[in-house]
Asker: 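The structure is given below, and queries will be raised subsequently.
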Amino acid sequence: LINNKTFFVRQLFSLFIRSINKLIFKFNKVLPRTGQIIVLYGTDGSGKTSISNNIINSFCKIIPVSKVHLGKPFIGNNFIKKYLYKGNKFRNERGKNDDHNIILSILRTTILSSLRLISSYYQFLKKTFGILVISDRWPSMNPSIMDGPKIYTSKRFRLIVHFFNNLNLNIYKLIPKADLIIYLDVNLNIILDRNKKRLDSEPEIFIKKRFNNIQEAKPKAKQIIKYKNNKDLENATNDCIKIITKFIET
């Protein structure tokens with residue numbers, strides 16, 4: 001009944017139709033306004049990474065969902081990971097840069113700012129396709145504060161540093177706002193206790209500095225909900241899922 005000469009072409013056409021049908025049906029299952037960028041924001045030890053992973057595991061069964069890390073964008077790329085993120089773990093915490101490495105440091109910062117800009121627009125592209133994007137970080141406009149543009153000072157390279165400082169500030173201005181940020185507010189004592197239980201625990205002085213630092217941060221968002229995360233992981237996850245579900249449905 002079928003001409004053998006056109007059999008292969010018919011198979012390809014049938015495969016194409018089946019693929020399109022599956023894609024359409026997949027996105028027909030998406031709830032209204034599913035395409036959103038939801039951010040879990042907070043200092044290290046606030047539980048944002050663990051909670052975001054649990055949220056993704058829950059939502060991925062019913063809707064398209066994607067995870068992103070704007071703190072270190074494209075960290076999955078080995079080249080970027082090796083040359084941009086590798087180094088002294090606490091180097092940026094000291095806030096000291098002499099004239100010998102100021103240019104290298106500010107170039108690294110500019111590259112990081114550009115990657116955050118690219119990644120943020122990539123997340124908005126996924127959002128337009130109905131994908132729920134879950135991030136555990138999002139940029140803010142507070143200079144030299146967590147997730148904000150880093151500002152440098154140098155007497156020797158004053159003009160160069162001034163140029164790149166302004167460039168970084170303008171890059172951050174271009175980064176769009178997240179749709180919803182759930183601010184995980186945790187007591188400092190709980191964070192310090194969680195840090196002690198980690199295999200790669202950090203000195204308390206850096207934990208306290210970042211905790212005080214982030215209190216002043218204002219991440220770029222259309223809406224921010226403050227959530228007191230002094231509960232266990234399961235209850236905190238369930239509460240965040242309820243917040244996100246209500247936000248998507250309204």
Side-chain angles (χ1 to χ4, degrees), residues 22-44 46-77 80-81 84-85 111-142 145-149 171-185 214 217-227 229 233 236-250:
K22 287 185 177 182
L23 184 65
I24 292 174
F25 282 123
K26 177 181 178 181
F27 285 102
N28 278 345
K29 295 178 183 177
V30 176
L31 299 174
R33 295 185 71 249
T34 294
Q36 301 289 332
I37 295 180
I38 311 293
V39 180
L40 294 175
Y41 197 81
T43 187
D44 295 341
S46 60
K48 57 183 183 294
T49 301
S50 300
I51 293 176
S52 63
N53 289 335
N54 290 343
I55 289 173
I56 289 173
N57 291 335
S58 298
F59 276 109
C60 70
K61 302 172 184 176
I62 53 175
I63 57 177
V65 61
S66 175
K67 182 181 179 181
V68 62
H69 183 55
L70 259 291
K72 293 182 178 179
F74 305 109
I75 193 172
N77 183 288
I80 293 177
K81 183 178 181 180
L84 188 62
Y85 302 127
I111 294 173
L112 177 59
S113 302
S114 302
L115 290 177
R116 281 179 174 168
L117 176 64
I118 294 170
S119 181
S120 65
Y121 275 100
Y122 177 54
Q123 308 319 313
F124 266 77
L125 177 63
K126 290 193 288 188
K127 167 189 168 180
T128 59
F129 285 97
I131 297 174
L132 176 65
V133 178
I134 303 294
S135 176
D136 58 3
R137 299 278 287 274
W138 199 261
S140 69
M141 282 305 300
N142 303 78
I145 288 180
M146 183 176 178
D147 296 323
I171 289 175
Y172 273 79
K173 287 180 181 178
L174 293 174
I175 294 176
K177 294 180 178 180
D179 294 296
L180 172 66
I181 284 183
I182 302 176
Y183 193 109
L184 301 177
D185 186 19
I214 202 172
K218 295 180 180 178
K220 303 184 72 173
K222 298 177 182 177
Q223 183 177 348
I224 298 177
I225 296 177
K226 203 166 188 178
Y227 173 74
N229 183 26
L233 181 61
T237 299
N238 291 334
D239 288 345
C240 289
I241 288 175
K242 291 177 183 177
I243 293 172
I244 295 172
T245 303
K246 184 177 180 180
F247 180 78
I248 291 175
E249 290 177 344
T250 56

Asker: Salt bridge (charged side-chain N to carboxylate O under 4.0 Å, His left out) with Lys222: which residues, sequence neighbours excluded?
Answerer: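 Partners of Lys222 under the salt bridge (charged side-chain N to carboxylate O under 4.0 Å, His left out) test: Asp179.
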
Asker: Can you find a heavy atom in the side chain of Ile51 that is under 4.5 Å from one in the side chain of Ile182?
Answerer: no

Asker: Looking only at atom types and distance, does a side-chain atom of Asn142 sit under 3.5 Å from a main-chain N or O of Lys218, one as donor and one as acceptor?
Answerer: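 Checking the backbone N and O of Lys218 against the side chain of Asn142, a donor-acceptor pair under 3.5 Å is found.
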
Asker: Are the side chains of Met141 and Lys173 in contact, using a 4.5 Å heavy-atom criterion?
Answerer: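 Yes, side chains in contact.
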
Asker: Do Lys81 and Lys72 have side chains that approach each other closer than 4.5 Å (heavy atoms only, starting at C-beta)?
Answerer: no

Asker: How long is the span from the CG atom in Asn238 to the CD1 atom in Ile243, to the nearest 0.5 Å?
Answerer: 11.0 Å

Asker: Between Ile134 and Phe59, does a side chain to side chain contact (heavy atoms under 4.5 Å, CB included) hold up when you go through it step by step?
Answerer: CA-CA 10 Å; Ile134 303 294; Phe59 276 109; 5.6 Å; no

Asker: Give me the atom names and distance for the closest heavy-atom approach of Gly47 to Leu184.
Answerer: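 What the structure gives for the nearest pair is C-CD1, 4.0 Å.
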
Asker: Report yes if some heavy atom in the side chain of Pro219 is under 4.5 Å from a heavy atom in the side chain of Val39; otherwise report no.
Answerer: no

Asker: Between atom CG of Asn57 and atom OG of Ser52, what is the distance when rounded to the nearest 0.5 Å?
Answerer: 9.5 Å

Asker: Step through the shown structure and confirm whether more than 12 heavy atoms of other residues, nucleotides or ligands are within 6.0 Å of NZ on Lys67.
Answerer: yes

Asker: Between Thr128 (side chain only) and Leu125 (backbone N and O only), is there a donor and an acceptor less than 3.5 Å apart?
Answerer: yes

Asker: To check you understand the geometry: which heavy-atom pair defines the closest contact between Pro139 and Tyr172, and what is its length?
Answerer: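 So the minimum-distance heavy-atom pair works out to CB-CE2, 3.7 Å.
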
Asker: With distance as the sole test, does Lys220 use its side chain to make a donor-acceptor pair with the main-chain N or O of Ile175 at under 3.5 Å?
Answerer: yes

Asker: Which atoms form the tightest heavy-atom contact between Ser50 and Leu233, and what is the distance?
Answerer: CB-CD1, 3.7 Å

Asker: First locate atom OH of Tyr227, then atom SG of Cys240, and finally report the distance between them rounded to the nearest 0.5 Å.
Answerer: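 Answer for the OH-SG pair, Tyr227 versus Cys240, is 5.5 Å.
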
Asker: What is the minimum heavy-atom distance between Ala217 and Tyr41, and which atoms define it?
Answerer: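 Smallest heavy-atom distance, with atoms named: CB-OH, 3.6 Å.
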
Asker: What distance do Ile248 atom CD1 and Ile38 atom CD1 have between them, rounded to the nearest 0.5 Å?
Answerer: 6.0 Å

Asker: Nearest heavy-atom pair of Gly71 and Leu112: which atoms, and what distance?
Answerer: O-CD1, 4.1 Å

Asker: Can you find a heavy atom in the side chain of Leu84 that is under 4.5 Å from one in the side chain of Leu115?
Answerer: yes

Asker: Mark yes or no for whether Asn229, through its side chain, and Ser46, through its backbone, hold a donor-acceptor pair below 3.5 Å.
Answerer: yes

Asker: Working to the nearest 0.5 Å, report the span between OG1 of Thr49 and CG of Asn54.
Answerer: 11.0 Å

Asker: Do the side chain of Lys48 and the main chain of Gly42 share a donor and acceptor less than 3.5 angstrom apart?
Answerer: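 Yes.
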
Asker: Is there a side-chain contact between Phe124 and Ile37, using heavy atoms and a 4.5 Å cut-off?
Answerer: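 In short, these two side chains touch, coming nearer than 4.5 Å.
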
Asker: Would you say that Arg116 contacts Ser120 through its side chain, given a criterion of any heavy-atom pair below 4.5 Å between the two side chains?
Answerer: no

Asker: Could you state the interatomic distance from CD1 (Ile131) to OG (Ser66), rounded to the nearest 0.5 Å?
Answerer: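 Those atoms lie 6.5 Å apart.
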
Asker: Taking atom OH of Tyr122 as the centre, report whether more than 12 heavy atoms of other residues, nucleotides or ligands fall under 6.0 Å from it.
Answerer: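 Result for OH/Tyr122: open.
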
Asker: Testing the basics here: between Ile224 and Tyr183, what is the closest heavy-atom pair and its distance to 0.1 Å?
Answerer: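 So the minimum-distance heavy-atom pair works out to CG2-CB, 4.2 Å.
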
Asker: With a 4.5 Å cut-off on side-chain heavy atoms, are Leu180 and Ile225 touching?
Answerer: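 Sidechains of Leu180 and Ile225: in contact.
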
